[in-house]
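Report on the following structure.
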Amino acid sequence: MIKSIITPIATIILICSLAPLAYYFNFGHLSISDKPENWGVFGDYIGGILNPILSFSAFIGVLITVLLQRSQLQQTQSQLTMTKEELELTRVELRRSADAQAQQIESVNIQNFEATFFNLLNRFESQIAHIIRVYLEKEVKNDNNVPSAFSFDRDIRYCGFEHLRYQLYKYQKYYSSEQYGGDNPERCDSEEAFKGMSFIGSHSIVIETYFMHLKFILDFIEESNLVDKRKYYRVLFSELTNGELIFVFYQVLYSDDLHELKPKIEEFNLFEYIGYKGLIDNCVDLNKYSLSAYGKNKAINVNMEYWLKQKSKKSMQSTADASAN
């Protein structure tokens with residue numbers, strides 16, 4: 001920077017010194033004049049030579065100043081660009097750090113949730129096994145329709161709800177029979193059978209206790225801040241025996257306690273693995289949920305497709321008969 005300024009100044013000084021030097025070499029042998037008019041002529045000579053040079057030098061100086069300012073502006077702009085890029089990199093890094101921290105927090109929250117969730121499942125199994133052992137063990141052991149393995153909690157749950165499922169059939173069969181209804185008994189449907197059987201003695205205690213504990217786990221999932229709740233609903237339902245699924249099926253339909261669970265069942269395919277032959281009215285009952293509730297259960301989808309076709313044919317035939325009459 002200093003060299004670029006000194007060089008033009010030295011050049012200007014050198015050019016300006018040419019005028020007196022030229023005068024000296026041409027008229028230096030003469031004596032110095034004491035006449036004012038001679039000095040005036042000398043001044044005009046010097047001014048005539050130096051004025052254009054100085055004016056041009058001033059122009060060059062202004063031009064150099066502009067160029068220097070332009071260079072400085074470019075440097076400043078370059079520095080601003082670098083600063084902007086550094087700020088952008090810093091912002092990206094901060095965003096990555098924030099995302100990583102958020103993921104870490106979410107991971108910790110999921111781990112905490114899952115630890116509690118699986119503890120609840122274990123506690124649920126032991127509590128249900130205990131209540132079945134207390135209120136239904138004698139009945140189950142006297143029921144020839146179901147095994148009576150009471151060694152493990154899982155076996156107890158299975159045997160207990162298989163027993164309750166057969167009791168549901170017996171209730172429905174009795175209240176649809178001539179023994180109860182006379183010569184022309186009205187058929188007891190699944191709703192009447194489920195509601196009636198659910199209020200019988202020890203059965204009502206077991207069923208009420210079961211759904212109280214189940215609802216606690218469902219509320220725990222629903223009240224969490226998890227984004228993907230489907231996985232945990234499906235894990236919970238995969239832990240239920242088929243007898244339990246049958247009772248959940250009817251409890252959601254025919255009670256107010258779990259009625260809000262129906263949309264979740266249909267959205268998350270929670271009855272995908274239900275044994276539909278355990279239902280009282282099979283396809284009639286299955287039709288009370290959207291087919292999405294059964295997911296990829298091929299047997300249910302095939303049977304429902306056939307049943308709906310037959311139902312449509314009967315409806316069309318009834319309409320045709322009514323029109324003919």
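A donor-acceptor distance shorter than 3.5 angstrom exists from the side chain of T90 to the backbone of E86, with no hydrogens or angles considered. Formation of a donor-acceptor pair under 3.5 Å by the E244 side chain with backbone atoms of T241 is found in this model. With hydrogens and angles ignored, the 3.5 Å screen pairs a side-chain donor or acceptor of N142 with a backbone N or O of K138. Judged purely by atom type and a 3.5 angstrom limit, S255 uses its side chain to pair as donor or acceptor with the backbone of Q251. Put simply, the side chain of R234 gets close to the backbone of F268: a donor and an acceptor are under 3.5 Å apart. Although no hydrogens or angles enter the test, the distance criterion places a donor-acceptor pair under 3.5 Å between the side chain of D189 and the main chain of E192.
Other residues, nucleotides and ligands contribute at most 12 non-hydrogen atoms within 6.0 Å of the CZ atom of F152. In the displayed structure, K173 atom NZ is contacted under 6.0 Å by at most 12 heavy atoms of other residues, nucleotides or ligands.
For S198 and Y250, the side-chain atoms include no donor-acceptor pair closer than 3.5 Å. For the residue pair N303 and Y276, a side-chain donor N or O sits within less than 3.5 Å of a side-chain acceptor on the partner. Neither side chain, Y210 nor K215, offers a donor N or O lying under 3.5 Å from an acceptor on the other.
Across every non-hydrogen atom of V140 and C159, the tightest pair is CG1-CB, 3.9 Å. Residues S190 and D285 approach most closely at OG-OD1, 2.9 Å, considering heavy atoms.
Between Y171 and Y175, the ring-plane angle classifies as tilted under the 30° and 60° cut-offs. Between Y294 and Y289, the angle of the ring planes goes over 60°, which puts this pair in the perpendicular group of the 30/60° scheme.
Each of R165, Q172, Q167 was scored for a side-chain hydrogen bond (donor to acceptor under 3.5 Å, both in side chains) with Y169, with one residue passing: R165.
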- So E267 and R230, salt bridge (charged side-chain N to carboxylate O under 4.0 Å, His left out) or not? Walk me through it. CA-CA 9 Å; E267 180 183 359; R230 179 180 186 272; over 6 Å; no

- Query: E137 and K141: salt bridge (charged side-chain N to carboxylate O under 4.0 Å, His left out), yes or no, with the steps?
  - Reply: CA-CA 6 Å; E137 183 173 1; K141 289 184 175 181; 2.9 Å; yes

Please tabulate, one pair per line, all N/O donor-acceptor pairs under 3.5 Å involving side-chain atoms of residues 117-125, not counting sequence neighbours.
from, atom 1, to, atom 2, distance (Å)
N119, ND2, A115, O, 3.0
N122, ND2, F118, O, 3.3
E125, OE1, R157, NH1, 2.9

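Hydrophobic clustering (ILVMFWY, side-chain heavy atoms < 4.5 Å, transitive): L240 and F271 are in one cluster. Both V134 and F161 belong to a common hydrophobic cluster when Ile, Leu, Val, Met, Phe, Trp and Tyr are linked at side-chain heavy-atom distances under 4.5 angstrom. Criterion: ILVMFWY side-chain heavy atoms under 4.5 Å apart, direct or through other members. Under it, V206 and L245 are part of a common hydrophobic cluster. A single hydrophobic cluster is not seen to contain both Y158 and L236; linkage of ILVMFWY side chains at heavy-atom distances under 4.5 Å, directly or through other members, places them apart. Residues I205 and L164 share a hydrophobic cluster, clusters being chains of Ile/Leu/Val/Met/Phe/Trp/Tyr side chains in contact below 4.5 Å.
Sorted by first and then second residue, the pairs that involve residues 93-114 and meet side chain to side chain donor-acceptor pair (under 3.5 Å), not counting sequence neighbours, are E114-Y232.
Take F216 and apply the ring-ring contact (aromatic ring centres under 6.0 Å, His included) test, not counting sequence neighbours, and it matches no residue.
Taking the side chain as every heavy atom from C-beta outward, S202 and L136 approach each other to under 4.5 Å.
Two rings, from Y273 and F237, have their centers 6.0 Å or more apart.
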